[in-house]
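Notes for the one structure printed next.
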4 protein chains.
Amino acid sequence: MYRFNSDYLEGAHPNIINRLVETNSIQTPGYGLDPISDSAKAKIRAACNAPDAKVYFMVGGTQVNYTVLDSILKRYEGVLAADTGHVAVHEAGAIEYSGHKVITIPESNGKVDCAVAKAYLERFYADGAWEHMVRPGAIYISHPSEYGTLYSKAELTALRSLCDNYGMRLFLDGARLGYALASDGSDLTLADIAALCDVFYIGGTKVGALFGEAVVFTNPHLGEAFFTEIKQHGALLAKGRLLGIQFDELFTDGLYVKIAGHAVKHAMQIKSELKAKGYRFYNDSYTNQLFPIISKQRLDSLKDQVILDDWGPYGDASDGMRIVRITTSWATTKEAVNTLLSLL
Amino acid sequence: MYRFNSDYLEGAHPNIINRLVETNSIQTPGYGLDPISDSAKAKIRAACNAPDAKVYFMVGGTQVNYTVLDSILKRYEGVLAADTGHVAVHEAGAIEYSGHKVITIPESNGKVDCAVAKAYLERFYADGAWEHMVRPGAIYISHPSEYGTLYSKAELTALRSLCDNYGMRLFLDGARLGYALASDGSDLTLADIAALCDVFYIGGTKVGALFGEAVVFTNPHLGEAFFTEIKQHGALLAKGRLLGIQFDELFTDGLYVKIAGHAVKHAMQIKSELKAKGYRFYNDSYTNQLFPIISKQRLDSLKDQVILDDWGPYGDASDGMRIVRITTSWATTKEAVNTLLSLL
Amino acid sequence: MYRFNSDYLEGAHPNIINRLVETNSIQTPGYGLDPISDSAKAKIRAACNAPDAKVYFMVGGTQVNYTVLDSILKRYEGVLAADTGHVAVHEAGAIEYSGHKVITIPESNGKVDCAVAKAYLERFYADGAWEHMVRPGAIYISHPSEYGTLYSKAELTALRSLCDNYGMRLFLDGARLGYALASDGSDLTLADIAALCDVFYIGGTKVGALFGEAVVFTNPHLGEAFFTEIKQHGALLAKGRLLGIQFDELFTDGLYVKIAGHAVKHAMQIKSELKAKGYRFYNDSYTNQLFPIISKQRLDSLKDQVILDDWGPYGDASDGMRIVRITTSWATTKEAVNTLLSLL
Amino acid sequence: MYRFNSDYLEGAHPNIINRLVETNSIQTPGYGLDPISDSAKAKIRAACNAPDAKVYFMVGGTQVNYTVLDSILKRYEGVLAADTGHVAVHEAGAIEYSGHKVITIPESNGKVDCAVAKAYLERFYADGAWEHMVRPGAIYISHPSEYGTLYSKAELTALRSLCDNYGMRLFLDGARLGYALASDGSDLTLADIAALCDVFYIGGTKVGALFGEAVVFTNPHLGEAFFTEIKQHGALLAKGRLLGIQFDELFTDGLYVKIAGHAVKHAMQIKSELKAKGYRFYNDSYTNQLFPIISKQRLDSLKDQVILDDWGPYGDASDGMRIVRITTSWATTKEAVNTLLSLL
């Protein structure tokens, strides 16, 4: 049986596993204060063309989101996000737990549309009671979005400018950043992202690592005590070198983008063949997540052979059509793809 | 050079590494909902003689402490702890971050003394203003303590009884639990701990795992929504099976206690030889942490050959004497011990 | 000049002022542990036909909302509210500050429609990822709503039943409760509300008091340590008798509903005359808040004579029409009403 | 019967009551945006010789403490306080509720001794693990202290300097500030306090108001969004003018210090006569709180005639001696004092 229901179903890329094995008996200081972590950070700064960036490694995405937002928001500020944003929906209220409201605006193709955000901000400050309301202190975007869609350089530049006009920070959730960098669908480089955002993270968990996310602060006024904030949020890994090892491998010889490209290539093949077979799609994704429309009946009939992710009814649902997520990863094999395509 | 400054300086026990390698390409559901995690939980329940216990895996100790305490405390309650307790000192305020006060009482040999706790509670409820103060809702103990000391079965039973009398819960931090179970210094079994505490955790990070702690709720009224609480605290590992794999290995053929015993044996050898050489100790530990008194000068002279942990001045410090921590682990070698002993 | 922009523009009803003057030099214990507060609580229990209810006095509405919700919600739960609810919009994020998400559903005439709430809950628990999301632990309603509208007994009964089915609590914000009780537009008595809700509050600030809200817990399992929770939320009034005095007066000889009736009568007169003059209304209110549609130009022309509350554009706003709030209170005079009507 | 157990047992000074009566029917905007509040703020700025200070009115002391500290502390910082400080003991954990640890050092005559604080800070930053601990971001002092004692100008200047050296803010809790200003025991003026602290508050509740505290930010970098923070902490009074009215009266013709002086004069008389009668005192107070040592037996024998505040056992308590608090206020009468003295 093959699973296509997410991109964190296997272990890690073999280079990572090998490095873990090789380094297992070495003694290093804890908490990421080891030479391997230093090496990984240097490689990330270089890849971002951001020599002064502060880089921190954390274990998982929700952990990053709530620790970073809590760090960059003032106590009375909230974060503006698309209503489909991970922080708004699937983090069990972690952001609110840290005391901050997630202020949602309607998503546009899974993204924050700059015009929609601007309209919200204009209305907000035009309201006589705005000092009784939650001030947006940052914009949260995910790239690729939860729906596999991508920001263009023009879009990200516009959001940067909006943030500047309203005294807000810009935070990019890159849980699947590799798939964006490897895709034809966006013109944004890692250096662009580093230049345009105040802080962002490069996701490892969903792009070939066992776990791990690299948080990059490029705004020099932010993140000054982030080590302590990581600890305070229960998120400091004792054997921090495990994170260093993984990112050191991912940022050696472009492995990170290379393995993401492998996944995207498979996804694009699946997309093109399903289109040829007449399948409709919920949206047009250029990354490793695809959202075809498939009937409930068909979906059920497959489940002993391939597991896809049922995202809920499509349209009025009376016809039993579902939005389905198909996800590829660094570990997806040609054989698995062929099996999937033979079944659909 | 050899490091004796903590027990999380290396990777993981080879059995764990091997299992990670073997299982690396298998696809499993995320978030700990995989068969390996199920197997590990079953083994832990059996080892605890607690067939109905709820078992959850988390990544690190501070994370466990603040998530568990936040889960078992009412909103207006605090936690009673020794003033040397990890939650009181070295968690960057994670407990307070979650809204709860750590109420400290003076430590007794690194532990919560039942009589001291009882006296505190009596005074507290005798105070006319107690409803304006923070009500102790739980007692936090660490076993072994941060000073390597151990609770006896009689002591833990007394604390259980105190908790019952005051409507409090009893939480045991077992970051180094293996070393207690493997030590001659305590008569407490894992089943005793499961029977006497409401919730406790079995530490993996410091006892041979790459990372990971197993939280065990034996009080059936607690932990009912703990999965969501883990997520809310940013602590849910996507590839949860990594935790399952590690604990499944640690709880196969008694590996957990076996490797802890290896560390304790080395520590006892070091203690006995240092005593023979005339070294004084800050306290009398029967686990893998020792606290000899060593002069600053001597400590400095060693630092190119062995790294020990300087815990601060001993006594009035005018004579330059320091409390030093020597820690052994599953990975400590005979060669390292001999080198250490030859230098001291 | 007359102000109609809210119902907290004056001091307090003369009976309250007189009682403050009379009692000024008496010595009483603090924190509401005085005989006048006891008397007021007894009167409220009687008026609610809830002899076992726990009654607490607090200073203001946002304070009540965030303290009560934090008390009745489990740590991982959020509160379901209409997207126009006070807790969702105008409390500067106090609910999120206390760690809980406000889960919004579209308002129906300013209210939570039971069918809309039910549909939300059904979808929520049908979602495979619901354990990664914020569980609704309570429903928040305001009666009258922020738009002056009212729940019927049938509607409140349906919400009670929905809460029972989903293990949720029902909390009613009665900041303007007097105006509901005095209105012809609802068949709900104070005793009905006490019987159907788990907890609610009787608003004083907007109904003739200087300040003060009476929180009533009728669910015997809730509010057990509420005195301490009030203190913890910074909300305990040292001279608690000031709250007792005000509610003791308001609940003597039906003063509370009597003065609210005065305001409603004036509002109904204004509504009827404005309708006769051809004004349209945003909705149909039977309480002390009215929402006529008035042009920006007209509104501006009045502002030296009467101050109304501009709630923002009506419809597409291209025609300059605004939703305006006109509010009456216990202190509204015939003269003020006549002036207003002569101007519109 | 006379009560001497606290200074918030009566209503308010007659000037305040009269002003409340006079202004009762005036209409003003809410939330403190009224002309009377503006007038009161101007008088306070003048009295503080701080023309640019930001002044905000709040209802009670715990509310001020937790809102101000939450505003001036970074997310990962705690507050340093004497272990007898109000924030450490009697606020039901409000500071921790807002996410910040109260770091306690041993009190010195009820105060923070600069040398003790300095020693704490030196040890803190000398600890290799300080980044895993809670960084002190502010010093909290109360003046007069909870034990009626006073800071000298030299002491406050030293604390200011310590704060500057460690990048900390200095916050003074002036719940009973009037009694300090009216006492012979301190050379600190209101202008000195304004010049030396970053933020402080002038207590009304315990010095002749019904309720109310005036928060004064003199550090121009702090308190910029404090209006919203007040709202977020549930602390914004709808009829804000009630606070303006009270402080406008208290700061007219020096009423605030005048009435505090009345209380202090009575206290000094009681102290001197009790000393003459041979009573010992727990400490030497020059404000309105006295702490004589009285036997339990004697205390019980008085309770139908005067109520004093039993603060607990003195010394080993085997002889039944208690520390007792006697408090005078603006409302204390000669008759009451004479009765008390005749009984002791």
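All heavy atoms count here, side chains included; hydrogens, waters and symmetry mates do not. Per chain, numbering begins at 1; letters A, B, ... match sequence-line order.
A distance of 8.5 Å separates NE2 in H132(C) from NE2 in H86(A), rounded to the nearest 0.5 Å.
When each of K101(C), E96(C), H100(C), R75(C) is checked for a side chain to side chain contact (heavy atoms under 4.5 Å, CB included) with Y97(A), only R75(C) meets the rule.
Between chain C and the options G128(A), G312(A), G99(A), the largest number of non-hydrogen pairs under 4.5 Å is found for G99(A).
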